[in-house]
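Here the structure comes first, spelled out in structure tokens, and everything after it is commentary.
Here is the naming used below: chain letters follow the sequence lines, and residue numbers restart at 1 for every chain.
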There are 2 protein chains.
Amino acid sequence: MARFKGQAEYSVDAKGRTAIPAKMRSALSPDALGTFTLTKGFEQCIYVYPMDEWKIKEEEYGNLNTNNRDARHLVRMILMWAEEVSLDGQGRISLPKALSDYAGIGDKVLIIGAMDRIELWNPEHFATYLLEHTDDQETLAEKVMGS
Amino acid sequence: MARFKGQAEYSVDAKGRTAIPAKMRSALSPDALGTFTLTKGFEQCIYVYPMDEWKIKEEEYGNLNTNNRDARHLVRMILMWAEEVSLDGQGRISLPKALSDYAGIGDKVLIIGAMDRIELWNPEHFATYLLEHTDDQETLAEKVMGS
DNA sequence: GGAATTCTCCCCACTTTTCCCCACTTAGTC
DNA sequence: GACTAAGTGGGGAAAAGTGGGGAGAATTCC
């Protein structure tokens, strides 16, 4: 499993391309073949899954019971936004317009490593997000991992 | 498990590099391969985990369910600050800018051994921290380890 | 159906940063 | 007091990030 971490603010050029940090590229499994699936993330960001990780997610969605209205809806919502992109010779990907609109990404993007995925944020949105979630780490850690 | 101890005030050069004290380097497990993961510590310092220790932490985060809002936030908060660095030929690491900004580290750094991790402090911040936490060791020991 | 436009992708070029290596200074040891 | 190891500083090659040109495919418009 890929383990992404770290943060970086990169620019998005006029063609809608942005580089994936070298540190994260080197964390990629060779199975990913330089291909990612981008999709709508929670909290107005873009999730970037390496191909191999995405396969696992896809599997999970495939196993949901499609007779369940909520499951059906969830799968639609996730898949309709999913888009496959590949690294170019310079280690960049190009952001699909629908997704960068959703995330409000202009000419700057904040790239965050979050375990099995990379997240792309509008830097200002992220700052706001941080202000709205000020729970300190100790409390959170206790809530989530405690016991 | 590595057991770091001791303290030292070292300089940070113009390129943002700082040496890891030889005493601590020799306490490293060979499994760490001279690689560390730096991350945001409590009380405005930087935590430095040898790679082998970090792997254990990472494993825990990887098992969290990212469909849970709090878990998602926790993973972001921790991993976005995590950065992997390696010792150079002279036994130094280079401090990522985001972290040295957070810790307010300029051209001097206080290096403290703290069991399984090393901590990096702005020397003045640490002095202030000491003044603000004047409970004497006996009282503390009783509070924490008593009974 | 054909022409024009747009879009995508690949390649090249430039700038900045990072990393590796060499060298000097200081401290500690025999 | 010389030798060895530890800490500090800097030069230069290599890699990473950024921007843009141009060929070819796809789309649109007439």
How would you summarise protein contacts on nucleotides 13-30 of chain C per nucleotide, using B for base, S for sugar-phosphate only and - for none, with heavy-atom distances below 4.0 Å?
------BBBBB-------
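Protein atom CD of B:E9 is 15 Å distant from nucleotide atom C1' of D:dT8, rounded to whole Å. In this structure, A:E83 places its CD atom 10 Å from P of C:dC9, rounding to the nearest Å. In this structure, CE of B:M24 is placed 21 Å from P of D:dA5, rounded to the nearest angstrom.
In terms of hydrophobic clustering, with Ile, Leu, Val, Met, Phe, Trp and Tyr side chains grouped at heavy-atom distances under 4.5 Å, A:Y49 and A:L33 are assigned to different clusters.
Residues that satisfy the side-chain contact (heavy atoms from CB on, under 4.5 Å) test with B:T37, not counting sequence neighbours, are A:K5, B:W54, B:A82, B:E84.
If you check residues 120-127 of chain B against DNA chain D, you find no residue with a heavy atom closer than 4.0 Å. Sorted by residue number, the list of members of residues 97-106 of chain B with any non-hydrogen atom under 4.0 Å from DNA chain C is empty.
In this structure, A:E9 places its CD atom where more than 12 heavy-atom neighbours from other residues, nucleotides or ligands lie under 6.0 Å away. Shown here is A:R25, whose CZ atom has more than 12 heavy atoms of other residues, nucleotides or ligands within 6.0 Å.
We find the CD1-NZ distance between B:I78 and B:K40 to be 10.5 Å, quoted to the nearest 0.5 Å.
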Yes or no on side-chain contact (heavy atoms from CB on, under 4.5 Å) for A:T18 and A:I93, after CA distance, side-chain angles and deciding distance?
CA-CA 6 Å; A:T18 189; A:I93 58 173; 4.2 Å; yes
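The list of side chain to side chain donor-acceptor pair (under 3.5 Å) pairs with a residue in residues 104-120 of chain A, not counting sequence neighbours, reads A:R117-A:E119, A:E119-A:W121, A:E119-B:R76. For the salt bridge (charged side-chain N to carboxylate O under 4.0 Å, His left out) condition, no pair includes a residue of residues 47-63 of chain A, sequence neighbours left out.
Ring geometry for A:H133 against A:Y129 counts as tilted: the plane angle lies between 30° and 60°, on a 0 to 90° scale.
For A:Q44 (side chain) and A:Y102 (main-chain N/O), a donor-acceptor pair under 3.5 Å exists by modelled atom type.
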